[in-house]
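Below is one structure, written out as structure tokens; the observations come after it.
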Amino acid sequence: METFLVSCLLGAFTGIVLGLTGAGGAILAVPLLVFGLHMDMSEAVPVALLAVCISATVGALIGLKQKKLRYRAAGLIALTGALAAPAGLWFSQQLPHEPLVLLFALMLFYVAIKMLRLNRQLDPEVQAGAAYHPSPDIPCQSENRDGRLIWTWPCARVLCYSGTLAGFLSGLLGVGGGFVIVPALKKATYLHMQSILATSLAVIALVSVVGAGSAVMLGSMNWSVGIPFGVGALAGMMLGFKLSTFFSASRLQQGFAWMAIIIAMGMVFQLFI
């Protein structure tokens, strides 16, 4: 019963952060499982993938209902990501716990520092007010910020690359991959930030379900932790969506970045004690 309650609470915290900050919040699932329930990385990754899949699916459906989701782009990115996710999951089952923790901490540092540097550029409020000036240097053109993408080989290639990287990291470290997909879509398209987040959530949902399904087939899913953690994450995300209207998006991203840095430092410190 204690494990059940702790799993629900940790999942709820993950979901709240995900709802407040957007696609990047799911990256906290693994360190919370490692710290809070003393799980190995190989055990935590499948549980995190399950929770990420559940939460991102709901977020993507909300984006689809609001007509912000670019489902063709999401489908292409997810297809390449789904092909790479099982390979990443297989590697996570082969590597020892310590190298995986160190790799995750380094990635968390990278994401946090990049988020701090690009915070203003990724702020939806800033993006909303930016003028639309098409440039031939952007591989994925569209009629306007909310229009469909004009498909070309350079556009498809960029999206496939980002999907492959996000999918592999999803399987390897149990992360959603939003920290890869969001900057890639921002750099390669003129989509409004809200459309980017909705599309990213759809990709995360599709890729994570492949990773979680692979974990089930490999017999590495801990259902006694995964189910309450996933339910808690879903409930927390819905709460986070409602709370996000009361806070500045820029301040939320900054807070998440500093929290990620602290967690990464704690993970490294734990390796040497």
Side-chain angles (χ1 to χ4, degrees), residues 1-21 23-59 85-86 88-105 107-108 167 169-178 201 204-240 256 259-260 262-264 266-267 269-271:
M1 180 59 70
E2 181 180 352
T3 301
F4 179 87
L5 292 176
V6 173
S7 299
C8 286
L9 291 175
L10 293 177
F13 181 77
T14 301
I16 289 173
V17 175
L18 178 61
L20 285 173
T21 63
I27 201 173
L28 297 180
V30 168
L32 285 176
L33 289 166
V34 171
F35 281 127
L37 293 175
H38 308 290
M39 301 177 74
D40 287 339
M41 283 287 293
S42 59
E43 297 176 306
V45 164
V47 173
L49 284 174
L50 179 64
V52 167
C53 175
I54 295 172
S55 302
T57 298
V58 174
L89 183 64
W90 183 84
F91 273 106
S92 75
Q93 302 299 317
Q94 309 306 312
L95 293 176
H97 174 69
E98 289 76 11
L100 272 177
V101 171
L102 183 60
L103 180 61
F104 192 99
M107 185 195 65
L108 204 53
L169 291 176
S170 176
L172 180 65
L173 300 173
V175 296
L201 284 172
I204 291 169
L206 293 170
V207 172
S208 297
V209 74
V210 173
S214 299
V216 172
M217 289 188 292
L218 291 172
S220 55
M221 178 66 73
N222 187 334
W223 292 107
S224 63
V225 175
I227 292 177
F229 189 87
V231 172
L234 177 58
M237 189 190 68
M238 301 306 294
L239 177 60
F256 171 79
M259 181 170 58
I262 294 172
I263 291 176
M267 295 181 74
F269 179 75
Q270 190 182 48
L271 291 177

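The basis for the numbers below is simple: all heavy atoms, side chains too, and nothing from hydrogens, waters or symmetry mates. Not measured: the values here are computed from a predicted model.
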Quick one: are [X] and [Y] in side-chain contact, heavy atoms under 4.5 Å?
| X | Y | result |
| --- | --- | --- |
| Leu37 | Val47 | no |
| Leu50 | Ile54 | yes |
| Glu43 | Val225 | no |
| Cys8 | Val231 | no |
| Glu98 | Leu102 | no |
| Asn222 | Pro46 | no |
| Phe13 | Leu9 | no |
| Phe35 | Ile263 | yes |

I need the minimum non-hydrogen distance between [X] and [Y], along with the two atoms involved.
| X | Y | value |
| --- | --- | --- |
| Pro99 | Pro96 | CD-O, 3.3 Å |
| Pro31 | Met267 | CB-SD, 3.6 Å |
| Gly36 | Val6 | O-CG1, 4.2 Å |
| Leu172 | Val45 | O-CG2, 3.8 Å |
| Thr57 | Ala205 | OG1-CB, 3.4 Å |
| Met237 | Gly59 | CE-N, 3.8 Å |

Please report the interatomic distance [atom1]([X]) to [atom2]([Y]), rounded to the nearest 0.5 Å.
| X | Y | atom1 | atom2 | value |
| --- | --- | --- | --- | --- |
| Ile16 | Leu28 | CD1 | CG | 12.0 Å |
| Ser92 | Leu103 | OG | CG | 11.0 Å |
| Phe104 | Leu169 | CZ | CG | 10.0 Å |
| Leu95 | Trp90 | CG | CH2 | 8.5 Å |
| Leu10 | Leu32 | CG | CG | 5.5 Å |

Can any side-chain N or O of Ser220 pair as donor or acceptor with the backbone N or O of Ala215 at less than 3.5 Å?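 Looks like yes, one N/O pair under 3.5 Å.
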